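What follows is a set of notes on a single structure, which appears directly below.
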Protein chains: 2
Amino acid sequence: MRDSSPQGTYKVQALDRAFAVLDLLGESDTPLGLAQVASSLQLHKSTAHRFLMVLERHRMVERTSNGKFRLGLRLFDYGNRAIEQYDLRDRAQPHLRRLVAETEETAHLALLEAARVIYIDKIEPARSVRMITRIGASNPVHCTSVGKAILAFLPEDRATDVVRRLRFERFTHRTISTPEALRAEMEKTRRRGYAVDDEEFEEGLRCIAVPLLDAQRQPVAAVSISGPSFRVTAQKLPSIANHLLQCVRGISMDMGYISAGRGNRASWSA
Amino acid sequence: MRDSSPQGTYKVQALDRAFAVLDLLGESDTPLGLAQVASSLQLHKSTAHRFLMVLERHRMVERTSNGKFRLGLRLFDYGNRAIEQYDLRDRAQPHLRRLVAETEETAHLALLEAARVIYIDKIEPARSVRMITRIGASNPVHCTSVGKAILAFLPEDRATDVVRRLRFERFTHRTISTPEALRAEMEKTRRRGYAVDDEEFEEGLRCIAVPLLDAQRQPVAAVSISGPSFRVTAQKLPSIANHLLQCVRGISMDMGYISAGRGNRASWSA
DNA sequence: GACGCTGGTTTCATATTTTGAGAAGCTGGA
DNA sequence: TCCAGCTTCTCAAAATATGAAACCAGCGTC
């Protein structure tokens, strides 16, 4: 039982098990049979069976024609409701579209979730090559522009907390791999007002992001522009950053975080 | 205990309760406090509390700053994984975009889920008024074009099964409200190859849909075009239907359901 | 400033609920 | 036809979740 959260003292075995089943099915890219589920999770056949039947009744899982199990569409429904309650995505979308039109590169909208960033929207320019990111997916904080953008503007205690939980996995030879290096990068980010991922996550891919600050000046999300390094050149960064800042400013106003007059940059000189 | 499914005999109380909590939070458009959850669900405070804590640990729910609960982002992740396993949406999207460009009206992609249709994608033309449909939401079968399109091409036994489960709720004075009328409509749909919802769900809204058939010629989804009746006129229907048929044909090919030569219409004369 | 109220957190003995061994059914391949 | 692997079902045992009650904390009222 490592990884016990502060209030990890509450337990409902059945729920832990049920979610383990969902996790397993979610990880697997092919439907699994009862036996596979049972053995992977070290549950007894009959227990796994009962869980799967109940989950199926709730449509959290469903069976393929050959009797194997995969995640059910009910989860899709829940997921959309969950995201809707933030209503950030809907409000942000028009602004993101404009941003994509201006820059002609792919835009992402991401939130910080625990110690990872989760993408809640992606807009691609018409003529672009498909990016591999998946809406709903999560990526590490330390090697993504959105991650760094949010992290840099987090209050000290929360930031330390997040940094402590990072595993600093390496993806390219440029990936930041120590807390110290990340700290320095955060400082840099604060100074210039935007975060950059310079092929730190994927070779040949450069991204730039700015945080979206709420009414309390807390970063709640980040907007980024990503593209191949030969198009998103170092020289272009300041100009793209400007578009980004305008974009988040628009979103902030739509969300009621700021009134028309105030800017979005203020906080990082506080 | 009405509504017991065929195999409703399996029970895990904890799961039923947990999902009831998620349902409740999903329905509510504002975060709920512990007390509200407990009383709505007739759970005792301590039980509700324990559940919420466990759900929070799994990030299925999260707390707002004032301590109230709402659905968590983990569900968004699950939902996207669930939908991805079908990978229909991703493949269909470019085709839907083309369809929207051609028709300049809103396109939907929907699946049949139990006895309802669930929308898995929506594309709106740039200049259109926002439609109220929400991705992930579900609607009744009997009064939507997508519902009727799928239903009409279902094998007899499955169709009867679905029809039996419909409640024929009325939305406008044109809503089909008897099984017999629906049967007739299905017949008509099969003959002309596309389904129409002529203000049967919402006053002033006309929709037209065609089914997407898989390799076994089973309908797995439907694509629709919706718009205000004054734009989507009766005269335009055949032309729109043509665009729709071309669209699903493209999707079918992308999904590997049909090879380039074969059409999509064949089945309904079999 | 004390009081009572509403809402959240914690504890713990009890019994209800889940558990899992095992047996019985299927299905498909040899 | 028989076996092997996977799924479905049953039921007594016990581990698990339950909820009454106590405890806290904040807030509006008197």
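Per chain, numbering begins at 1; letters A, B, ... match sequence-line order. What you are looking at is a predicted structure, and each value in this text was computed from that prediction instead of being measured.
Among the nucleotides C:dG7, C:dT9, D:dT8, the one closest to the side chain of B:Ala35 is C:dG7. Side-chain proximity of A:Arg17 to C:dG20, D:dT8, C:dG8: nearest is C:dG20.
Atom P of nucleotide C:dT19 and atom CG of A:Asp16 are separated by 11 Å, given to the nearest angstrom. The nearest whole Å value for the distance from the CG atom in B:Asn66 to the C1' atom in D:dA25 is 16 Å. The NE2-P distance, from B:His49 to D:dT18, rounds to 14 Å in whole Å. A:Gln36 has its CD atom 12 Å from the C1' atom of D:dG5, to the nearest Å. Look at NZ on B:Lys68: it is 11 Å from C1' on C:dT6, rounded to the nearest Å. Atom P of nucleotide D:dA17 and atom CG of B:Leu43 are separated by 15 Å, given to the nearest angstrom. Put simply, OH on A:Tyr10 is 13 Å from P on C:dC12, counting in whole angstrom units. Between the P atom of C:dT17 and the CG atom of B:Leu15 lies a distance of 14 Å, rounded to the nearest Å.
Ring orientation note: the planes of B:His49 and A:Tyr10 are nearly perpendicular, at an angle over 60° on the 30°/60° scale.
Between the two ends of the helix from C:dG1-D:dC30 to C:dA30-D:dT1, each summarised by a five-pair axis, the helix axis turns through 30° (rounded to 10 degrees).
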B:Ile176 vs B:Glu185, side chain to side chain contact (heavy atoms under 4.5 Å, CB included): CA-CA, chis, key distance, verdict: CA-CA 9 Å; B:Ile176 293 180; B:Glu185 177 80 4; 3.8 Å; yes

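Taking 4.0 angstrom as the limit, A:Arg50 places none of its side-chain polar atoms (N or O) nearer than this to OP1 or OP2 of C:dT18. Side-chain nitrogen and oxygen atoms of B:Thr47 include at least one within less than 4.0 Å of the OP1 or OP2 phosphate oxygen of D:dG19. Contact annotation: B:His44 does not reach the phosphate of D:dT18 (side-chain N/O to OP1 or OP2, under 4.0 Å).
A 6.0 Å sphere centred on CD of A:Gln42 holds no more than 12 heavy atoms belonging to other residues, nucleotides or ligands.
Nearest heavy atom pair, residue A:Asp16 against residue B:His58, reads OD1-NE2, 2.6 Å.
For the pairing with A:Phe69, the side chain to side chain contact (heavy atoms under 4.5 Å, CB included) check across A:Leu55, A:Leu32, A:Leu52, A:Val21 returns one residue only, A:Leu52.
With hydrogens and angles left out, the side chain of A:Lys45 and the base of C:dG20 share no donor-acceptor pair within 3.5 Å. The base of C:dT18 has none of its N or O atoms less than 3.5 Å from a complementary donor or acceptor on the side chain of B:Lys11. A donor and an acceptor atom sit less than 3.5 Å apart, one in the side chain of A:Ser46 and one in the base of C:dA21.
At a threshold of 4.0 angstrom between heavy atoms, the contacts of B:Phe51 are confined to the sugar-phosphate backbone, with no base atom among them.
Side chain of B:Arg63 to backbone of B:Lys68: no donor-acceptor contact under 3.5 angstrom is found.
Taking OH of A:Tyr78 as the start and CG of B:Asp23 as the end, the distance is 3.5 Å to the nearest 0.5 Å.
Where A:Val12 and A:Phe69 each meet DNA chain D at their nearest nucleotide, the meeting point lying more 5' is that of A:Phe69. Take the nearest nucleotide of DNA chain D for A:Gly33 and for A:Gln13: the residue whose nucleotide is more 5' is A:Gly33.
Counting heavy atoms from C-beta outward, B:Glu62 and B:Arg70 have side chains that approach closer than 4.5 Å.
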